[in-house]
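Only a predicted model underlies this, so the values are computations on that prediction, with no experimental measurement involved.
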Amino acid sequence: MEQVHLQLLIFLRRLGAEPIAYGDQLLTNLQQTEAPKITAAIDLYSHDVVNVALELGVPKEKITSIIMYPPLPEGIKTSTGGAATEEDMKVILEAIQTKQLVVLIAEKFSIQDYEEAIKTQMARHTHGKIVMTLS
């Protein structure tokens with residue numbers, strides 16, 4: 001697990017990001033960095049990032065979450081992809097092809113190993129997508 005963590009840190013730093021530990025100390029950790037002011041936020045795990053972003057003064061229209069329940073604070077929108085269009089997909093595929101968007105693959109599973117794939121995804125600590133193949 002530590003090797004995976006180290007690889008993630010290296011990857012994020014290559015992208016120009018400074019990894020910051022989340023959890024109870026997220027607000028404090030962010031306030032102690034020399035990072036520029038945070039102007040937008042997306043929460044991919046819980047409502048913690050949403051709440052911290054609000055405390056930091058990020059405008060509600062610049063905050064989103066993929067977590068729909070419990071309900072988000074008033075004015076915060078969810079980003080689940082449910083309203084995506086064919087044109088949206090073309091934009092995303094173009095960004096992947098031109099390497100403007102990097103899609104991390106955490107692990108690949110054959111369809112026969114679907115239970116293991118589900119367990120891995122449910123652990124909620126994968127760094128990338130879980131891919132299932134039909135072979």
Please report the interatomic distance CD1(I105) to CD(E107), rounded to the nearest 0.5 Å.
11.5 Å
Can you see whether T85 engages E87 through a side-chain donor-acceptor pair at a distance of less than 3.5 angstrom?
no
Give the cluster check for Y114 versus M122: same hydrophobic cluster or not, with ILVMFWY residues linked at side-chain heavy-atom distances below 4.5 Å.
yes
Under 3.5 Å, side-chain donor or acceptor atoms of residues 65-76 against the rest of the protein: list the pairs with distances, not counting sequence neighbours.
unit_1, atom_1, unit_2, atom_2, d
S65, OG, D43, O, 3.3
S65, OG, I67, N, 2.9

Using the side chain to side chain contact (heavy atoms under 4.5 Å, CB included) rule, take L54 and K60 through it: C-alpha gap first, then chi angles, then the decisive distance, then the call.
CA-CA 7 Å; L54 289 168; K60 288 182 177 183; 3.8 Å; yes
Closest non-hydrogen atoms of A41 and A53, given as atom of the first, atom of the second and distance, are CB-CB, 3.7 Å
Step by step, would you call L104 with K129 a side chain to side chain contact (heavy atoms under 4.5 Å, CB included)?
CA-CA 6 Å; L104 292 178; K129 297 296 181 185; over 6 Å; no
Between I130 and F109, is any pair of side-chain heavy atoms under 4.5 Å apart?
yes
The reported gap from CG in L101 to CG in L93 (rounded to nearest 0.5 angstrom) is 9.5 Å
How long is the span from the OG atom in S46 to the CG atom in L26, to the nearest 0.5 Å?
9.0 Å
Spacing of Q97 atom CD and I92 atom CD1 [to the nearest 0.5 Å]:
12.0 Å
Give the minimum heavy-atom separation between K77 and T64, together with the two atoms involved.
O-OG1, 2.8 Å
Check against side chain to side chain contact (heavy atoms under 4.5 Å, CB included), I42 and V49:
CA-CA 7 Å; I42 183 168; V49 170; over 6 Å; no
Verify the neighbour count for atom CE of M89: are there more than 12 heavy atoms of other residues, nucleotides or ligands below 6.0 Å?
no
Using only atom types and a distance under 3.5 Å, with no angle test, would you say the side chain of N51 pairs donor to acceptor with the backbone of H47?
yes
For a quick test of reading the model, state the closest non-hydrogen atom pair linking I38 to V58 and the distance between them.
O-CG2, 3.4 Å
Is there side-chain contact between L30 and L56, with at least one heavy-atom pair below 4.5 Å?
yes
Closest approach of S110 to M132 (non-hydrogen atoms, all atoms of both residues):
O-CE, 4.2 Å
